[in-house]
Trainee: 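Provided herewith is a single structure, encoded as structure tokens, for subsequent inquiry.
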There are 2 protein chains.
Amino acid sequence: MATGRHHRPATSRSRGIPEATVARLPLYLRALMALSERSVPTVSSEELASAAGVNSAKLRKDFSYLGSYGTRGVGYDVEYLVYQISRELGLTQDWPVVIVGIGNLGAALANYGGFASRGFRVAALIDADPALTGKPVAGIPVQHTDELETIISENGVSIGVIATPAGAAQQVCDRLVAAGITSILNFAPTVLSVPEGVDVRKVDLSIELQILAFHEQRKAGEELPGAEEEVDPAPHPVSPPAATVTKRETKRDGRDSNRDSGRGTGRDAKRPDSGPDGDLPAVMPA
Amino acid sequence: MATGRHHRPATSRSRGIPEATVARLPLYLRALMALSERSVPTVSSEELASAAGVNSAKLRKDFSYLGSYGTRGVGYDVEYLVYQISRELGLTQDWPVVIVGIGNLGAALANYGGFASRGFRVAALIDADPALTGKPVAGIPVQHTDELETIISENGVSIGVIATPAGAAQQVCDRLVAAGITSILNFAPTVLSVPEGVDVRKVDLSIELQILAFHEQRKAGEELPGAEEEVDPAPHPVSPPAATVTKRETKRDGRDSNRDSGRGTGRDAKRPDSGPDGDLPAVMPA
DNA sequence: ATGTCTTTGTGAACGCGTGCACAAAGATAC
DNA sequence: GTATCTTTGTGCACGCGTTCACAAAGACAT
Ligand SMILES: NC(=O)c1ccc[n+]([C@@H]2O[C@H](COP(=O)([O-])OP(=O)(O)OC[C@H]3O[C@@H](n4cnc5c(N)ncnc54)[C@H](O)[C@@H]3O)[C@@H](O)[C@H]2O)c1
Ligand SMILES: NC(=O)c1ccc[n+]([C@@H]2O[C@H](COP(=O)([O-])OP(=O)(O)OC[C@H]3O[C@@H](n4cnc5c(N)ncnc54)[C@H](O)[C@@H]3O)[C@@H](O)[C@H]2O)c1
């Protein structure tokens, strides 16, 4: 019970365009706009692919979902493709956006030029702090949460950005949805529960860092083979249910473990010398 | 042809742990730490899964890669699992991190408490602007780019965050890598080229918004069936190579087009009334 | 000790995404 | 017009990730 609703659209491929492709279209668009500014008339899939950092076959397949706008032997017309992708992404209209939670991050977002330059218009900044109300941030006066519903319905906003503390996020989310928002970009580190038909995308800083840390640890571990690895480097923090814990050689087969090998740039003593402060960060809040 | 190096590790599954699983571990960890704070001793896969917003089978399979730390009939010991995941992610040590580019976003990141609370320590803030040098941000004095190499090698930093303008990102990246950084979190909207062995993860705000806009457009389009859709709503921005353009009924079969249907909450007139300013945002910079 | 009941761990099937490799399309040259 | 050369569009195969569904493991009651 209480599974909330965490469904991807289920029938993910919205109109025949795979989700993975949709996620890459902005990438292509960015590269294309750079070419456009340099007045480059056409690009080959190879060139554009390398500019966007993807495989050229993938790019061609992606474009084929849009309807094959290329010319064999020549490539793609830059301007035309910019327009087609923009249209496909819905960027030929502008999207009013509200940002809720104008703290450190919210203010940075409000100041971010990359919004406006891509068809998104910051329609309003909303915060619960009365001290902020009326204060201009990035030239836009902050409005109080009380007016959230009014702002959204009067401006026909359908995209909301949540930059409040995690504790307030779900509540804010509920209000946004009730007010008519159907797309949410969430920066708060929480899982949001939304009704069907509402899209949520999340950006979580610390998750990204943790993923990097994982790989970083692996790199470091591989350089010094042998010794501690595989084994449990510390006793159990609390006594688990019973004698269950001792039994643990179930998995742990230590697969191939190759990682493309080859280094490249000189890397040597890179291990952080296990920070000066000896306490574990916040791993065991107990 | 300057393909740069955009390889995923190739042998993606680092030690037998699939990349997709690694990406979810922080999610589980977050949920577990919340339970831990509430002194919940054990959780079932079902409960934890719904807290983390994933399928319970997926969660169990994910945990099985770590070595099956559960007790059948009971569930998982919260504290023990917190520790195991932390260890797997490399969070039992603390990771010094440098942030380069202390503008709007960089400052927000520096002020973000979520770093420290998860084992990441901001070792230094670096910016090219001499006016910023020495000024404290979040209690840490900003240092000049000249000292980048020194800072990194002296502190044994292996993770770097880039929050500079896009134009400076590749250059900053190169210096970071040369100085010994092997993991980069990039906020600048550019594709970074790095040598093998260096991990790059990117966070791109406007890409997320564009993806939301795509789905938003689809929702709106489905409510008013018929009329403009499928057809080219505008002439070609520039004349493509030749008579090529006219021929375009190659694809476009208008697939199933169902999208799980069912709405749920009342959604009615949500279309942004096509912004007051009549100009297309920045779609056609030409 | 035996039985029942809960929940894990995982085999197997399936679907999506990726990349290879190539036929076909069209440009360009002659 | 014909030939050659470039580059697209895509069929196909493969691998990863997801999900189902269930046997086995163990807790708990009696
Ligand atoms: N700062 C970062 O770099 C960063 C990075 C990643 C994630 N985050 C997350 O983003 C969120 C915001 O971070 P921050 O550093 O800007 O925090 P912050 O404390 O500086 O700002 C939060 C703002 O939200 C407002 N707020 C609180 N409750 C509200 C409510 N119910 N309705 C409307 N506004 C409300 C507060 O008044 C405050 O202005 C947090 O969840 C944080 O975890 C921040
Ligand atoms: N602000 C946001 O919410 C946001 C959102 C998404 C992406 N971004 C991206 O993040 C980056 C930073 O955004 P911002 O709003 O903070 O910009 P900003 O202009 O406020 O800050 C950029 C900072 O980088 C410094 N800098 C410039 N060149 C440098 C160099 N070579 N070495 C070191 N420092 C250098 C500048 O002095 C400045 O302090 C941009 O690429 C932007 O596109 C920002």
Side-chain angles (χ1 to χ4, degrees), chain A residues 3 6-14 16-24 41-49 53-77 81 240-253 255-256, chain B residues 1 3 6-14 16-24 41-50 53-77 81 240-253:
Chain A
T3 310
H6 309 297
H7 301 295
R8 277 284 117 199
T11 308
S12 190
R13 46 182 49 206
S14 294
I17 302 184
E19 192 56 32
T21 296
V22 173
R24 279 188 295 268
T42 61
V43 257
S44 69
S45 63
E46 202 71 51
E47 294 167 331
L48 184 54
V54 302
N55 182 303
S56 72
K58 197 187 296 187
L59 177 141
R60 285 198 299 277
K61 180 147 292 191
D62 283 343
F63 285 175
S64 80
Y65 293 115
L66 305 185
S68 104
Y69 297 133
T71 306
R72 293 169 193 235
V74 175
Y76 299 90
D77 180 81
L81 203 45
T244 324
V245 206
T246 336
K247 173 192 161 295
R248 269 210 27 270
E249 69 291 358
T250 326
K251 256 257 152 69
R252 280 298 107 99
D253 49 2
R255 228 69 63 89
D256 48 38
Chain B
M1 303 70 193
T3 310
H6 310 296
H7 301 295
R8 277 283 117 198
T11 309
S12 188
R13 47 180 50 206
S14 293
I17 302 184
E19 192 57 32
T21 295
V22 172
R24 279 188 295 268
T42 60
V43 258
S44 68
S45 63
E46 202 71 50
E47 293 167 331
L48 185 54
S50 89
V54 302
N55 182 302
S56 72
K58 196 188 294 185
L59 178 141
R60 286 198 299 277
K61 178 143 290 190
D62 282 343
F63 285 175
S64 80
Y65 293 116
L66 305 184
S68 102
Y69 297 133
T71 307
R72 291 168 193 237
V74 174
Y76 299 91
D77 181 80
L81 203 46
T244 323
V245 208
T246 336
K247 173 192 162 295
R248 266 207 34 269
E249 69 291 359
T250 326
K251 256 260 151 70
R252 281 295 110 99
D253 48 1

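As the structure is a computational prediction, the values presented were derived from the model and not from experiment. Sequence lines set the chain letters: A, B, ... in the order given, protein chains first and strands last, and positions in each chain run from 1.
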Trainee: Separation of A:L66 atom CG from D:dT8 atom P, in whole Å?
Mentor: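 Rounding to the nearest Å, CG of A:L66 and P of D:dT8 are 15 Å apart.
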Trainee: Tell me what A:Y76 touches on the nucleic acid: a base, only sugar-phosphate, or nothing, going by heavy atoms under 4.0 Å.
Mentor: sugar-phosphate
Trainee: Starting the side chain at C-beta, find the nucleotide from C:dA23, C:dA27, D:dA24 nearest to A:T71.
Mentor: C:dA27
Trainee: Tell me every residue that passes side-chain contact (heavy atoms from CB on, under 4.5 Å) with B:A57, counting only those two or more places apart in sequence or in another chain.
Mentor: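 B:A57 satisfies side-chain contact (heavy atoms from CB on, under 4.5 Å) with B:N55, B:R60 once adjacent residues are dropped.
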Trainee: Would you say a side-chain N or O of A:S44 is under 4.0 Å from OP1 or OP2 of D:dT7?
Mentor: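 No, because none of the side-chain N or O atoms of A:S44 sits under 4.0 Å from OP1 or OP2 of D:dT7.
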Trainee: What is the minimum heavy-atom distance between B:A49 and B:S56, and which atoms define it?
Mentor: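 Nearest pair, atom of B:A49 first, then B:S56: CB-CA, 3.5 Å.
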Trainee: Whole angstroms only, please: what is the CG-C1' distance between B:D77 and C:dT8?
Mentor: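 B:D77 atom CG is separated from C:dT8 atom C1' by 15 Å.
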Trainee: What is the distance, to the nearest angstrom, from the CD1 atom on B:I17 to the P atom on D:dG17?
Mentor: 12 Å
Trainee: Set out, line by line, the N/O atom pairs under 3.5 Å between protein and nucleotides 18-22 of chain C.
Mentor:
unit_1: C:dT18; atom_1: OP1; unit_2: A:R24; atom_2: NH1; d: 3.1
unit_1: C:dT18; atom_1: OP2; unit_2: A:R24; atom_2: NH1; d: 3.1
unit_1: C:dT18; atom_1: OP2; unit_2: A:R24; atom_2: NH2; d: 2.9
unit_1: C:dG19; atom_1: OP2; unit_2: A:K58; atom_2: NZ; d: 3.1
unit_1: C:dG19; atom_1: O6; unit_2: A:K61; atom_2: NZ; d: 2.7
unit_1: C:dA21; atom_1: N6; unit_2: A:R60; atom_2: NH2; d: 3.3

Trainee: Applying salt bridge (Lys or Arg N to Asp or Glu O under 4.0 Å) as the test, list every pair that has at least one member in residues 62-76 of chain A; sequence neighbours left out.
Mentor: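 Residue pairs with at least one partner in residues 62-76 of chain A: A:R24-A:D62.
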Trainee: For B:E46 and D:dT19, what is the distance between atoms CD and C1' respectively, to the nearest whole Å?
Mentor: 13 Å
Trainee: Would you please name every residue forming a side-chain contact (heavy atoms from CB on, under 4.5 Å) with B:S44, sequence neighbours left out?
Mentor: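 Scan of B:S44 (side-chain contact (heavy atoms from CB on, under 4.5 Å), adjacent residues dropped) gives B:E46, B:E47.
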Trainee: Please name the pair of heavy atoms, one in A:D77 and one in A:T42, separated by the smallest distance, quoted to 0.1 Å.
Mentor: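 Here A:D77 and A:T42 meet closest at CA-CG2, 4.1 Å.
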Trainee: Tell me every residue that passes ring pair (Phe, Tyr, Trp, His ring centres under 6.0 Å) with B:F63, counting only those two or more places apart in sequence or in another chain.
Mentor: B:Y28, B:Y76
Trainee: Nearest to the A:R72 side chain among D:dG9, C:dT7, D:dG17, which nucleotide is it?
Mentor: D:dG9
